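One structure is given below, encoded as structure tokens.
Computed from heavy atoms alone, side chains included, the values below leave out hydrogens, waters and symmetry copies. Predicted, not measured: the structure shown is a model, and the values here were computed from it. All ligand and atom numbering here is 1-based and tracks the order in the structure.
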Amino acid sequence: MKVVAVVGSIRRGNTLKMVQASCSRFSSDEIDIIDLGNIKFSYCTGCLYCDETQQCCIDDDLSKLMGKVAEADAYIFASPVRWSLLSGEMKTFIDRLNPFATIGTLSGKKCILLTVGQSEKESEDAFSIDEGLKSMEFFCENAGIEVVDKVKAYGCLSETDISDSAYLEMCYTAADRLRSSLL
Ligand SMILES: Cc1cc2nc3c(=O)[nH]c(=O)nc-3n(C[C@H](O)[C@H](O)[C@H](O)COP(=O)(O)O)c2cc1C
């Protein structure tokens with residue numbers, strides 16, 4: 001089994017820790033991590049070259065990793081919530097998947113979705129975490145990727161807030177569910 005995990009935050013913080021927790025449930029030869037905080041990649045320009053050719057015309061660090069994305073059986077998509085949306089890093093990554101999404105390359109694959117934000121669970125802002133998650137769910141639904149589990153981590157503002165929290169346990173559990181779904 002091959003799983004690609006995508007870290008959707010440049011900050012070396014909560015999103016990265018959630019991905020590391022989930023990835024620890026797989027062996028190193030089963031996992032490839034695309035850490036968007038560690039590579040240089042460009043926005044989708046919306047040129048629609050991919051609609052005609054099924055390929056992206058951008059040549060950068062991310063384009064070199066797209067073969068791994070296409071070959072994977074499953075994904076771990078992780079993003080912090082920013083203004084009730086997914087991060088700009090994750091949005092750009094998802095936009096760059098357009099060549100795959102439109103021709104069904106990702107259809108039938110599986111994923112888990114990990115989100116984190118500062119809003120407290122019982123607060124009036126808690127909806128923003130749902131909204132952030134929704135934008136990733138919308139992509140998965142359209143690309144035909146089955147969402148096996150989701151983790152919403154509340155109340156995490158500084159980059160270490162998630163450490164030792166119950167949310168990392170949820171990341172382990174979600175990863176175990178993903179693994180089981182692939183056996
Ligand atoms: C520009 C910006 C907007 C944010 N908007 C939200 C938000 O709408 N809801 C929320 O709960 N947290 C919000 N946050 C807080 C982050 O989601 C939080 O700090 C998270 O832990 C960051 O994850 P990271 O450490 O992986 O980058 C925002 C942070 C920034 C910088």
ask   = Side chains of Glu131 and Ser128: is there a donor and an acceptor less than 3.5 Å apart?
value = no
**Prompt:** Hey, are Asp149 and Lys110 close enough for a salt bridge, meaning a charged N less than 4.0 Å from a carboxylate O?
**Reply:** no
Counting only non-hydrogen atoms and a 4.0 Å cut-off, the residues near ligand 1 are Ser9, Arg11, Gly13, Asn14, Thr15, Pro80, Val81, Arg82, Trp83, Ser84, Val116, Gly117, Gln118, Ser119, Ser128, Ile129, Cys156, Leu157
From the list Cys156, Ser163, Ser165, side-chain contact (heavy atoms from CB on, under 4.5 Å) with Lys17 holds only for Ser163
May I ask you to decide if the ring planes of Phe139 and Phe77 are parallel, tilted or perpendicular, using 30° and 60° as cut-offs?
perpendicular
* Neighbour count >12 (heavy atoms, 6.0 Å) for atom NZ, Lys68 -> no
Applying salt bridge (Lys or Arg N to Asp or Glu O under 4.0 Å), run through Asp95 and Lys91 and close with a yes or a no. CA-CA 6 Å; Asp95 287 348; Lys91 176 65 166 60; 2.9 Å; yes
